[in-house]
Structures are given as structure tokens and as C-alpha cells.
Amino acid sequence: MSSRLQTLLVHDARLQFRYGIYAAYGVVVVFYVAVLVWTAPWLPAWAPAVVIFTDPAALGFFFLGALLMLERSEGVRPALAVSPVSPAEYLLGKLATLTTVSVVAAAVLVAVLHRPADPLLLLLTVALTAIQYIGIGMPIGLRFRTVNGYLIGSAGFLLPLIGPGFLALLEDMPLWLALIPAVSQLRLLLVATGAAAASAGELALMLAVCAAAAAGGCWVALRALRREFGR
């Protein structure tokens with residue numbers, strides 16, 4: 001890792017701490033833990049997977065937007081645009097820090113689950129999901145000027161992406177539905193939390209779909225950042 005990238009990662013982490021991103025994430029995780037612990041006897045088997053799915057998908061997406069708006073207000077990106085920092089390095093800084101937060105949050109939730117789980121599969125799925133939605137959130141976030149505008153307007157982009165994911169709750173889900181990234185993401189979380197089963201071939205297909213979606217999100221983000229940085 002280059003010293004410039006290390007500096008950028010440290011800068012991003014400090015910026016997110018100062019903006020209260022970590023504190024907000026902490027509040028959300030505490031709420032999720034309380035729901036999982038106190039309502040465990042009444043929750044359906046699929047509930048923990050759905051709760052975990054909303055963390056990297058929805059929250060990472062919205063927190064990225066808020067971060068972009070705050071950076072805009074402080075003139076961070078115009079300064080970076082005339083610096084040696086590349087769009088790829090800028091994106092990697094956001095991906096590394098925000099995905100780490102999502103994975104840590106998921107690890108905390110795994111610790112309070114009351115049913116068998118595959119932690120490795122769960123955390124891998126969370127990481128790939130976070131990368132996809134952070135990538136998709138980048139060009140969307142660059143379109144808005146205020147935090148409130150982003151939070152309201154971006155919901156129109158996010159809901160069509162997440163909504164189909166709930167088809168993963170179908171008991172006899174047709175395999176072709178796994179080609180929809182949100183379906184594969186939620187289905188993998190259901191398997192990881194013990195709420196569903198899948199063969200090795202099905203797991204491989206769903207992981208491939210999630211990896212492709214994450215790569216696609218990064219590609220979309222890089223295109224938008226290159227235009228933003230004028231490179």
C-alpha cells in the first residue's frame with residue numbers, strides 16, 4: 001500500500017469520525033441488537049438476515065451520501081481534484097472505511113444471533129453488498145447539493161434495487177432469481193443465519209453474482225469520479 005493511500009485512509013477515517021458517521025452507525029447497531037435480543041422469541045427465522053441486509057445496503061448508501069454532502073460543503077473534493085490523489089484512490093478510501101464499518105457492525109449482530117450461523121459467509125456477503133451499494137451511491141451522491149435532498153431523492157434509486165431482494169424469502173425460490181444481486185445477497189444471508197439452505201453450486205452462483213455486482217458498483221463509481229475530478 002502506498003504512503004499516499006495510507007494517508008488518505010487515515011484522513012477518511014478521521015473525517016468520518018468527526019462528522020459523526022461512526023457514532024450514528026453505533027446508535028443503529030445498538031438498536032438492531034436490542035431488537036434481536038429482546039424480540040428473539042417472536043421473530044421469524046428470516047428476520048436477522050433482513051436486519052443485517054439493511055445495514056450495508058441501506059445505511060452504507062445513505063451514510064456515503066451524507067459524507068459526500070459534508071465534503072462538498074467544506075470544499076474537500078475540489079482540493080483533492082488538484083492533488084495527486086486519483087479517483088481510484090479516493091474511491092478505495094471510501095470503500096475501505098465504510099465497508100469495514102459495515103462488516104464490524106455485522107460481526108456485532110452475529111454475536112447476538114440465537115441460531116446457528118456461518119460467520120465467514122455472512123461477513124463476506126456483507127462486504128460484497130457494502131461495496132456494491134457504496135459504489136452505486138457515489139454517482140447518485142454527486143448529483144445532490146444537500147443532505148436532505150440526497151436522503152429524499154436517493155430513496156427513489158435505492159428502493160428498486162433493494163425491493164426485489166425480498167423475493168429471496170420465497171420458500172421454493174427459483175434459481176434464476178439469484179441472478180438479481182439483491183436476491184443473492186439476502187439469500188446468502190438467510191443461509192448464513194441458518195434460515196435457508198443452499199447447495200454448493202447455488203452458493204457459488206450467488207457469490208459470483210454478488211462479486212459481479214460489487215465490481216459493477218466500483219466501475220460506475222469510478223466513471224462518476226473521473227468526471228468529477230476532470231480526469
Side-chain angles (χ1 to χ4, degrees), residues 8-36 47-71 90-113 117-138 140-141 150-151 154-155 157-159 161-162 165 168 181-193 206-207 209-218 220-221:
L8 187 61
L9 289 172
V10 172
H11 168 76
D12 269 343
R14 287 176 176 170
L15 203 63
Q16 291 162 24
F17 178 80
R18 180 160 61 88
Y19 286 153
I21 299 295
Y22 299 151
Y25 242 113
V27 170
V28 173
V29 170
V30 169
F31 172 75
Y32 282 173
V33 167
V35 169
L36 290 174
V50 171
V51 168
I52 293 170
F53 177 60
T54 63
D55 176 68
L59 295 180
F61 184 89
F62 286 128
F63 280 132
L64 171 69
L67 186 60
L68 292 176
M69 299 306 105
L70 292 166
E71 284 186 349
Y90 176 84
L91 175 62
L92 185 56
K94 295 292 184 291
L95 288 174
T97 50
L98 291 175
T99 299
T100 297
V101 173
S102 289
V103 170
V104 169
V108 172
L109 295 173
V110 169
V112 302
L113 291 176
D118 183 338
L120 181 59
L121 177 61
L122 188 146
L123 295 179
L124 176 59
T125 304
V126 165
L128 291 173
T129 303
I131 290 170
Q132 179 200 344
Y133 285 97
I134 291 168
I136 291 172
M138 189 66 70
I140 296 172
Y150 177 83
L151 293 177
S154 63
F157 293 95
L158 184 62
L159 292 178
L161 295 175
I162 290 183
V183 173
S184 280
Q185 290 156 1
L186 181 52
R187 192 71 176 187
L188 285 172
L189 292 175
L190 290 167
V191 173
T193 55
M206 290 187 288
L207 284 171
V209 169
C210 291
C218 291
V220 167

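Residues forming a side-chain hydrogen bond (donor to acceptor under 3.5 Å, both in side chains) with Ser184 (at least two apart in sequence, or on another chain): none. The side chain to side chain contact (heavy atoms under 4.5 Å, CB included) search around Val220 returns Pro139, not counting sequence neighbours. Looking at residues two or more places apart in sequence or on another chain, you find a side chain to side chain contact (heavy atoms under 4.5 Å, CB included) between Val101 and Tyr22, Tyr25. Scanning for side chain to side chain contact (heavy atoms under 4.5 Å, CB included) contacts around Val108 gives Val29, Val33, with sequence neighbours left out. Listed by chain and number, the residues in a side chain to side chain contact (heavy atoms under 4.5 Å, CB included) with Leu92 are Leu5 (sequence neighbours excluded).
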Decide yes or no on side chain to side chain contact (heavy atoms under 4.5 Å, CB included) for Thr193 and Val110, but give the supporting numbers first. CA-CA 8 Å; Thr193 55; Val110 169; over 6 Å; no
Apply side chain to side chain contact (heavy atoms under 4.5 Å, CB included) to the pair Leu188 and Leu186, showing each step before the final yes or no. CA-CA 5 Å; Leu188 285 172; Leu186 181 52; over 6 Å; no
Does Ile162 form a side chain to side chain contact (heavy atoms under 4.5 Å, CB included) with Phe53? I'd like the steps, not just the answer. CA-CA 9 Å; Ile162 290 183; Phe53 177 60; 3.7 Å; yes
Between Arg187 and Leu190, is the side chain to side chain contact (heavy atoms under 4.5 Å, CB included) condition met? List the steps. CA-CA 5 Å; Arg187 192 71 176 187; Leu190 290 167; 4.2 Å; yes
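No side-chain heavy atom of Leu122 sits under 4.5 Å from any side-chain heavy atom of Asp118. Side-chain contact between Leu189 and Thr129 is absent, with no heavy atoms from C-beta onward closer than 4.5 Å. Counting heavy atoms from C-beta on, the side chains of Gln132 and Cys210 never come closer than 4.5 Å.
Interatomic distance, SG of Cys218 versus CG of Leu95, reported as 5.0 Å (0.5 Å rounding). How far CD of Gln185 is from CG of Leu161: 9.5 Å, rounded to the nearest 0.5 Å. Between Ile134 atom CD1 and Leu98 atom CG the span is 4.5 Å, to the nearest 0.5 Å.
The shortest heavy-atom contact between Leu123 and Ala106 is CD2-CB, 3.9 Å. Nearest heavy-atom pair, Gly93 versus Leu9, reported as atom, atom and distance to 0.1 Å: CA-CD2, 3.6 Å. A pairwise comparison of heavy atoms in Ala221 and Gly135 identifies CB-O, 3.4 Å as the closest pair.
Among Thr99, Val126, Ile136, the single residue meeting the side-chain contact (heavy atoms from CB on, under 4.5 Å) criterion with Ile131 is Thr99.
Between the side chain of Thr54 and the main chain of Val51, a donor-acceptor pair closer than 3.5 Å is present.
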